[in-house]
Structure formats: structure tokens, C-alpha cells
Amino acid sequence: MAVRASRPDIKSQLKEAIAQALETLGLSEWPEIVVQETPVGKEGDYGTPIAMALARSLRQAPPQIAAELLHNIQLPPWVRRTFVVGGYLNFELEPAFLVEAATQPLPPFPAQKGKVLLEHTSVNPNKELHVGHLRNICLGDSLARILRFVGHPVEVMNYIDDTGRQAAESLFALGYFGLDAPPPGVKYDHWVGQAYVRLHQAMDDPEKKATIEQGVQEILHRLEEGRLRDEVDKILRAQLQTMYRLGAEYDLLVWESDIVREGLLQQALKALARSPLVFRPREGKYAGALVMDTSPFIPGLEDPYLVLLRSNGTSTYTAKDIALQFWKMGLLKGLCFRPYDTQPSGAPLYSTHPEGQPMPFGGADETINVVDARQSHALRVVQASLEVEGRPDLAQRCFHLAYETVLLEGRQMSGRKGIVVSVDEVMDEAVRRVRAVMAEKNPDHPNPKEAAEQIGVGAVRFAMLKTEAKKQIDFRYEQALSLEGDTGPYVQYAYARAGSILRKAEEQGLFQEQADFAQATPFELALAKVILRFPEAVQDAARNKAPHILAQYLLELAAAWNSFYNAKTPEGRPATPVLTAPLGLRGLRLELVRALRQTLKQGLSLLGLQAPEVM
RNA sequence: GCGCUCGUAGCUCAGUGGAUAGAGCAAAGGUUUCCUAAACCUUAGGUCGCAGGUUCGAGUCCUGCCGGGCGCGCCA
């Protein structure tokens, strides 16, 4: 096959031409040139409102400015017509050019400098994952994929809070109830989670609560010494199975106990203590503790003091978080790593470990933390610690991707009370529902098991991604597991449909047919224009760190394709058949379907959804 | 009280200061002798919470108010 020219950047070229016309008019500076698609039903394909933006400074009416631009603009040959509508300057392009452009391969995004360290998941290793964690994982994993695609070096990290109270409670519960091993068929993290919930029920009894408290403290000490690492590890490995099934993978795991043991916490505290903002009050509420005054960086707080070391000498969670953040940004070194697992894709997963080796992890130029919005203040404090340390430049480059909590059928979830639905359960149920639908709609499916898995998990992931992160979402089975409408399966179905046509084309030996782009009709044009928006959608999603932008785009793309597919002539005959189209037009449509299918697949993979060949 | 955040169709949500505010679900109707009907096409449904302001232009930016969510621990 001949090497194909890569796709032109139409908007950029139009902007360029506009800028030159503005220069010809004698201007030396102007507001940002915006080129947008014309609304449906308006004449032209693209337009610019630049004349309206210039009206005041030029003391001229917008249509007049637009007309002058029109007379002075030098446009590429693929612009068929240029005209003024109201204050807009609109461009109508050669349909053949637009359609061909959509079929040309997208050039790769240029590589960006500066490593991004993205932390997500960071689930307490003490129970199974529930739907509250689901949003975090989907957001973080998708954002990592999107950032890599647009050229950023990305390191994905998952923090293991192995010295926390929650892990201690779970491990204590196992011993307390004399539990040995999970019964057959019960996943390890679920089994531990049950013990955890049971422990909290027992703690309602004040008498038991005292002994439990003492035991938990003991476990906490042993955890901090790293002596229960294998116990935590068993839970973590069970949790990882859920993350892998969702399609999430990581580069490294960082264990909290390693941060403490390698002395990073001490180093961070030592560094901070050089600041006059970090001190030990002699009297008052904070007597004996080491505190940090955040008031210069977080104004308006009633109490700006943050405790780093408690008066009993133990460190707070935030102090450890600060040490981690210092390590992420290269202010501290000393963590050692070794291989931990081989992930489903084949990529290695590394973990901090006492017997590991130094490796070039961390030292990032920018960090992204995917953490729910309730912890905004805590993360703001970590950011402030970088300023206390005299590094406002670094503070500026740590980003908190804050997402709102997930309700469960309208109720707030609670891990301790056991008001949760596990991620494993949700995926199982989703896959079950898909299989039921498949049995009905496509009983001869060649590979129902694999496809149902891809579709069911895809439905769950997409449901978590289609809404903006800062909006609270309510997880409802009927909605999240729906296969119709604004869903992952809708996009997947569009992909499978396109694949079906291409398979038939190949069987019929039509694959090499030449495309005659001059035969393009308004149907091809409409679809091509949506395909052409893909790179912009990805870049918007990357710039705003908002995967939902891409999810929304994919829904539009799938809708445009389904419309094309179902288009009818006024007599009710199919208007856009591919395989039975006239010579040349058929080649064109095949090219377009190929491009569409490729775009859908690429988009789905950036959201972490698989693209089933048959549904 | 202070801070953050949300308020768009009956419900769930899109909508980087630009043209007549769009989808899905729910409702009503229609489309398979045709490449997968998990789809498509109609119809109906809106004081974009309220009031000011900035702007040639505001759902989008600013201020105030109303209503919902969250945060402000020697908890993690």
C-alpha cells in the first residue's frame, strides 16, 4: 500500500491565513484568532468571529471588517468559497478535500518535555474495592493514557498505606476472630473486608472496644516496623486483580512503611524545620507538637496550624504525605525498588522494597494526584509545604484532580458499616447482563465470553468517565450498567458495526478499491467533520485533565456514524450503503469507515475500554 | 462562621466569551424484503436558581443573594 500523506491541520491553516490577512490590513496585534465549525444549518464549514472582536479597536462595523479580510485573505486551494455572514467570516471547503483529510492518518503528537507523576487508586490495603474507588481508578488510568498519547512522559504511581489504621484493623480482626484462610471461592480481599466490618460491629460494645483498641495499636507498631508486610501483600495482590480487570495498570507501588524506614519522613521534617514557619509551641493547644504555620499560603483559615509530629512523637498522615510529595518532585531521594508483578499487558510493575535497588522513579516536573474532593484542604496543605520549603515553583506544578464522591442508589457509602457495593460485584453483574442480552440478540456470537467481559467492564468504566469529575454522581445499577443510549456499549457497538462492514468487504475482495473523493456526498462530509475533531478532543481532555471531554466526543462520533449508517433516501431506501455503492464512491466509503473505526478504537483505548470486533 | 464546589428539559447530564442552548432516559409515533434495530428518524418538553454588573456579544467571566454537597481534628 502506498504511503499516505498525513492529515492536514485545517483550523491551524485557516488561522494562519487569517493572521496574514490581518497583517495585510496593517495590523500588528490582534486578539486570539478563533476558528470554529459553523452551527448545523448555517452556510459554510468553518468560520471566525474575529471581525467582531476587532470592531471596537478599529472603529468599524464587523461586517465591514470581515469584508476587508475577505478581500485580502490568501486561502489554500481547498477553500471553495469565503463569505461574510453577519459579523462572521465563513469558509466553505471542498467536500472532497475534507473527506479525504478525515481518511488520512493522524500524525503523532510531538513529544513533550517534563515527566508527569500521576498518582491514583491508593486504596487502603484492608478490604475489597468498592464503587467509590471506581471513579478514582477510571479517572486516573484514563488521564494517564490521554497524557501519554499527546506526548507526555507519564509515571503512574499507586500509594500503599500499609501503616494506616485501616490496614491494622483488618489484620487485627483476622486474629481476633481466629480466621485462618478464606473459604473456597471467596476472594481474599473480600474475606478480609468482612472481618473488618465485623470488627466495627464488635466495637459497638464498649468492653470489647478497649481490648480491640489495644490490639490494633500493637498491630500498628508491627506494621510500622514492616513486620507484617506479607500479610498486607496478600490483600494488595487480591485488590490488584480487580484493578487489572478494570484495565488499570501502574508503573510503581510506593509503600508508606518504606518512606518511613528509608528516612524520607525524617529528611522532610528536617528540611521543613529550617523554616521559621515550622516550630514547637511551648504552650497552648499545640504544646509539645511540631507544627507548620500555613497562613502565608492559605489565607482565611481560622486555625492555620498543621501538626506534623504529635506531642507523643508520632507523625501525622499529612507529614508522610509531604515527604512523599517531596520525593515525587525530586527534593528527596532514597527509595529502592524491585519488580513486583507482570501486569496483564506484559508491562512490569515495580514496588518499593527494603531489599530493592535505586531506580529512576520520581523526580517529576509535575504531579497529578487523583483524590476525592473531600481531601482538597489536605492536599492544599501539602502544596503549601512546598512553599514553606521555599519552592513556590514546585507548588505551582502539583495538581489535585479532585472528583466528587459517588453515592450508591442515592445514599452515602460507608466502608465501616458495609454499605457498599464492591467493584468485583459490579463487574460480574454487568457481564451477566451483557451475556443475557447477547444470548438474545446474537446467539451465534463467535466469542461470547470475551466480548461480554469487554462490554460489561466497558459499560462500568464509561459510566464513571462520562460526567465531569467535580460533579457528584449517583451510582445506580440500571443506569451504570445500561447498554443503550449514552453508554460505553453504544460506542463499542458503533465500532463493531464498522468492523463488520470491513470484514465483508475483505471477503468480497473490495479492500483495495480506489477511493474517488470527488464523489463525496453531504453524508460523508458530515461524518468526516466529526472524525476530524478527534485530535482536538484529545488535546482538550489532556489540557483540562478531564477524560469526560473525550467520552463526550466519542458519543458524538458514534452517533454521527450511526446516523450515516441509517441514512435513508426520501423514498425510504438506504442512502449510504458501503458494499453496494458505485465504484469509487464505494472505495471512498470504505476508507471513511476504516478511519472511523480506527478513531473509535483509539478513543476507546484512551478511556481504557476494549473494542470488541463482534457484538 | 470561614473556605471550596454544584444549580441547564420531568430525571441523568453535555455545552475551551461567539451564530437558533444540545444529548440520553422517561412519554407519543414511525423505520428491518437493506452492510448487526445494543441502532436510526419524528413529535413534545427550557424565565440556563434569582438579581445586578463587565462585554459588540454571557449558560459560560465578576459581585450579591437563595438552595444542595463537601471541608475547616495532636483521624486517616
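Lettering follows sequence order; numbering is per chain, from 1. Bear in mind that the values here come from a model prediction, so they are computed numbers and not experimental data.
Residue contacts for A287(A): at a heavy-atom cut-off of 4.0 Å it reaches a base atom on one of the strands shown. Across all strands, G86(A) comes closer than 4.0 Å to no nucleic acid atom at all (heavy-atom distances). Heavy atoms of E302(A) sit under 4.0 angstrom from at least one base atom. In this structure, N126(A) reaches neither bases nor backbone, as no heavy-atom distance under 4.0 Å exists between it and the strands shown. Residue-level contact check: N562(A) touches the backbone only, with heavy atoms under 4.0 Å from sugar-phosphate atoms and none from bases. Among the protein residues, T405(A) comes within range of no part of the nucleic acid, since none of its heavy atoms lies under 4.0 Å from any strand.
Ranked by how close their nearest RNA chain B nucleotide is to the 5' end, A558(A) and V85(A) are led by V85(A). Between E256(A) and L483(A), the residue whose closest nucleotide on RNA chain B is further toward the 5' end is L483(A).
Taking the C1' atom of each, U16(B) and C72(B) are spaced 32 Å apart, rounded to whole Å. If you take atom C1' in C62(B) and the same atom in U43(B), they sit 41 Å apart, rounded to whole Å. G59(B) and U20(B) have their P atoms separated by 11 Å, given to the nearest Å. For the P atoms, the distance linking U32(B) with A38(B) amounts to 15 Å, nearest Å. Spacing of C1' atoms, G22(B) relative to U33(B), comes out at 36 Å, to the nearest Å. For C6(B) and A14(B), the C1' atoms lie 15 Å apart once the distance is rounded to whole Å. Comparing the same atom, C1', in G29(B) and in A44(B) gives a spacing of 11 Å after rounding to whole Å. Comparing the P positions of C13(B) and C70(B) gives an interatomic distance of 16 Å, to the nearest angstrom.
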Can you give one letter per nucleotide of nucleotides 54-65 of chain B, going 5' to 3': B for a protein heavy atom under 4.0 Å from the base, S for sugar-phosphate only, - for none? --B---------
Report, as a single string ordered 5' to 3', how protein heavy atoms within less than 4.0 Å touch nucleotides 23-36 of chain B: B base, S sugar-phosphate only, - not at all. BS------S--BBB
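More than 12 heavy atoms of other shown residues, nucleotides or ligands fall within 6.0 angstrom of atom NZ in K568(A). Remark: E283(A) CD is loosely packed, at most 12 non-hydrogen atoms of other residues, nucleotides or ligands lying under 6.0 Å away.
Side-chain contact between Y159(A) and I259(A) is present, with heavy atoms from C-beta onward closer than 4.5 Å. Between R310(A) and T316(A), the closest side-chain pair of non-hydrogen atoms falls below 4.5 Å. Between S500(A) and V614(A), the closest side-chain pair of non-hydrogen atoms is not below 4.5 Å.
Remark: the T163(A) side chain and the E224(A) side chain contain no N/O donor-acceptor pair separated by less than 3.5 Å. Looking only at atom types and distance, the side chain of R461(A) has a donor-acceptor partner in the side chain of S142(A) under 3.5 Å away. A side-chain donor-acceptor contact under 3.5 Å links E213(A) and Q217(A).
Closest contact between the side chain of H377(A) and the listed nucleotides G71(B), A19(B), G1(B) involves G71(B).
At a threshold of 4.0 Å, the pair E613(A)-R597(A) counts as salt-bridged, since one of the basic side-chain nitrogens sits closer than that to a carboxylate oxygen. By the 4.0 Å N-to-carboxylate-O rule, E513(A) lies too far from R594(A) to be salt-bridged with it. Salt-bridge formation is not detected for the pair D486(A)/K466(A): no Lys NZ or Arg NE/NH1/NH2 atom is positioned less than 4.0 Å from an Asp or Glu carboxylate oxygen. Using a 4.0 Å cut-off between charged nitrogen and carboxylate oxygen, K471(A) and E404(A) do not count as a salt-bridge pair. A salt bridge does not link E453(A) to K449(A): none of the charged side-chain nitrogens sits closer than 4.0 Å to a carboxylate oxygen.
Checking the phosphate oxygens (OP1, OP2) of C4(B), no side-chain nitrogen or oxygen of H400(A) falls inside 4.0 Å. In this model, the phosphate group of C40(B) is approached by a side-chain N or O of Y490(A) to a distance below 4.0 Å at OP1 or OP2.
For U36(B), there is no paired base (Watson-Crick or G-U wobble, both distances below 3.5 Å). Searching all strands for a Watson-Crick or G-U wobble partner of C70(B) with both distances below 3.5 Å returns G3(B). Base pairing annotation: C50(B) forms a Watson-Crick or G-U wobble pair with G64(B), both donor-acceptor distances under 3.5 Å. Applying the Watson-Crick and G-U wobble criteria (two distances, each under 3.5 Å), G18(B) pairs with C56(B). Remark: A23(B) base-pairs with U12(B). Criterion, Watson-Crick or G-U wobble with two distances under 3.5 Å. Remark: G29(B) base-pairs with C41(B). Criterion, Watson-Crick or G-U wobble with two distances under 3.5 Å.
Within residues 431-439 of chain A, the residues having any heavy atom closer than 4.0 Å to RNA chain B are, in order of number, M438(A). Contacts of residues 459-474 of chain A with RNA chain B (heavy atom under 4.0 Å): T467(A), E468(A), K470(A), K471(A), Q472(A).
Between L301(A) atom CG and C4(B) atom C1' the separation is 12 Å, expressed in whole Å. A straight line from CZ of R380(A) to P of G71(B) spans 19 Å, rounded to a whole angstrom. Distance CZ (R374(A)) to P (C72(B)): 10 Å, rounded to an integer number of Å. Summarising the geometry, the separation between OH on Y403(A) and C1' on C6(B) is reported as 18 Å, rounded to the nearest angstrom.
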Report all interatomic pairs (protein N or O, nucleotide N or O of nucleotides 41-43 of chain B) with separations under 3.5 Å.
| unit_1 | atom_1 | unit_2 | atom_2 | d |
| --- | --- | --- | --- | --- |
| C41(B) | OP1 | S563(A) | OG | 2.8 |

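A cation-pi arrangement, defined by a distance under 6.0 Å to the six-membered ring centre and an angle within 45 degrees of its axis, is absent between R497(A) and Y493(A). With Y495(A) as the aromatic partner, K601(A) does not meet the cation-pi criteria of under 6.0 angstrom to the ring centre and within 45 degrees of the ring axis.
A glycosidic torsion no more than 90° from 0 defines the syn conformation, and U32(B) adopts it.
In this structure, T569(A) contributes its side chain and R573(A) its backbone to a donor-acceptor pair below 3.5 Å. Under a 3.5 Å cut-off, the side chain of E524(A) and the backbone N or O of T521(A) do form a donor-acceptor pair.
In this structure, L407(A) CG and M413(A) CE are separated by 7.0 Å, a value rounded to the nearest 0.5 Å.
Contact annotation: side chain of D321(A) to base of A76(B), donor-acceptor pair absent below 3.5 Å. Taking only distance into account, the side chain of S311(A) meets the base of C74(B) through a donor-acceptor pair shorter than 3.5 Å.
Checked options D161(A), I235(A), D162(A); the residue passing with N124(A) is D161(A) (criterion: side-chain contact (heavy atoms from CB on, under 4.5 Å)).
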For residues 429-438 of chain A, dump all side-chain donor-acceptor pairs below 3.5 Å to protein atoms at least two apart in sequence or in another chain.
| unit_1 | atom_1 | unit_2 | atom_2 | d |
| --- | --- | --- | --- | --- |
| E429(A) | OE1 | R432(A) | NE | 3.2 |
| E429(A) | OE1 | R432(A) | NH2 | 2.8 |
| E429(A) | OE2 | R433(A) | NE | 2.8 |
| E429(A) | OE2 | R433(A) | NH2 | 3.4 |
| R433(A) | NH1 | E478(A) | OE2 | 3.4 |

